[in-house]
Amino acid sequence: MSEFKSSLSKISKALFPNRCSICGEVIELDMQLCDNCTELPVIEPPLCEFCGSSKEDCNCKKHKNEFKQIAAPYYYTDSLVMAIHRFKNSDMPFLAKRLGEDVAKCVIENYDNIDFDMITFVPLRHFRERKRGYNQSKLLANIVSDKIGVEVFNLLVKVRYTGVQHHKKAAQRAADVFGSYDVADEYKNQLDGKTILLIDDVKTTGSTLNECAKMLKIYGANSVYCAAVAVTKKTDKNK
């Protein structure tokens, strides 16, 4: 019997391995996080409302954004790079649970005095979402919605292909995303005076969030606040 149980255990581990709730790495059954994710690159409060970094690390010079504030629990470095990559590109939608819960906690801590009317998210092109099987930002938004009790709406659509953005500088990103997003037709007359929470996975230069927030405000939103899993620290290369 012990040999039979041992065989079943091996088969179970092979078919249904236990995975790190942050990055998806296969781990032992009695663990929740892999070794790389036990010390996450947490952003220590207070946060800069302009770039999302800890004020201790901030050198963003308070550039004006279309959104009022950005908040995230982590820096986009170390194990978080692998986590986001796997979440988006390795068919691991289950990672949304822990990452979304961490975003929700960050929202509650930083926006406790804000009464949101709606939650929305950065959209993908239809082709890309069909190919991936999900929009990672929408999955995160749904988790946040469950935690704070505000409904998610598909307010935005992507109307133009922008190409891969992660290797581009801020000026090129801003040029690429200009005119790439619009408010969905059914919501163009429903945003007057609304306070909206906009969710994305990573904020790098902020160009995408800016463009999305701008369109929401064009159609009447009073203010847009942003939240993400991680933000990139401001460096010379992405100024």
### Message
I need the minimum non-hydrogen distance between C212 and L156, along with the two atoms involved.
### Response
CB-CD1, 3.7 Å

### Query
For the residue pair P123 and N135, what are the closest heavy atoms and their distance?
CA-ND2, 3.6 Å

### Task
Mind telling me whether F87 and Y134 have parallel, tilted or perpendicular rings, with 30° and 60° as the class edges?
parallel

### Query
S90 side chain to M92 main-chain N or O, any donor-acceptor pair under 3.5 Å?
no

### Message
Whether R132 and E129 form a salt bridge (side-chain N of Lys/Arg under 4.0 Å from carboxylate O of Asp/Glu) is what I want to check.
### Response
no

## Note on the structure
Tested for side-chain contact (heavy atoms from CB on, under 4.5 Å) against T120, the lone hit among L155, V224, N154, V152 is L155

### Query
Do E25 and R86 sit within salt-bridge range, that is, some charged N less than 4.0 Å from a carboxylate O?
yes

### Task
Could you note down all residue pairs passing side-chain hydrogen bond (donor to acceptor under 3.5 Å, both in side chains) where residues 98-107 supplies at least one of them, sequence neighbours left out?
Y74-D102, K97-E101, R98-D102

### Summary
One should read off an interatomic distance between L124 CG and Q136 CD, to the nearest 0.5 angstrom, of 5.5 Å

#### Entry: side chain to side chain contact (heavy atoms under 4.5 Å, CB included) partners for N210, two or more places apart
N65, E66, F67

### Message
Please enumerate all residues that pass side chain to side chain contact (heavy atoms under 4.5 Å, CB included) together with D182, with sequence neighbours excluded.
### Response
V157, V159, K188, M215, Y219

### Message
Testing the basics here: between A96 and I143, what is the closest heavy-atom pair and its distance to 0.1 Å?
### Response
O-CG1, 3.7 Å

### Message
Rounded at 0.5 Å granularity, tell me how far CG in L216 sits from OG1 in T195.
### Response
11.5 Å

### Query
Does I27 belong to the same Ile/Leu/Val/Met/Phe/Trp/Tyr cluster as L95, with side-chain heavy atoms less than 4.5 Å apart forming each link?
no

### Query
CG of N189 to CD of E186: how many Å apart, nearest 0.5 Å?
11.0 Å

### Query
Any idea which heavy atoms bring S79 and C23 closest together, and the distance?
O-CB, 4.4 Å

### Task
Say whether L198 and F116 are linked into one hydrophobic cluster, either directly or through other cluster members, by side-chain heavy-atom distances under 4.5 angstrom.
no

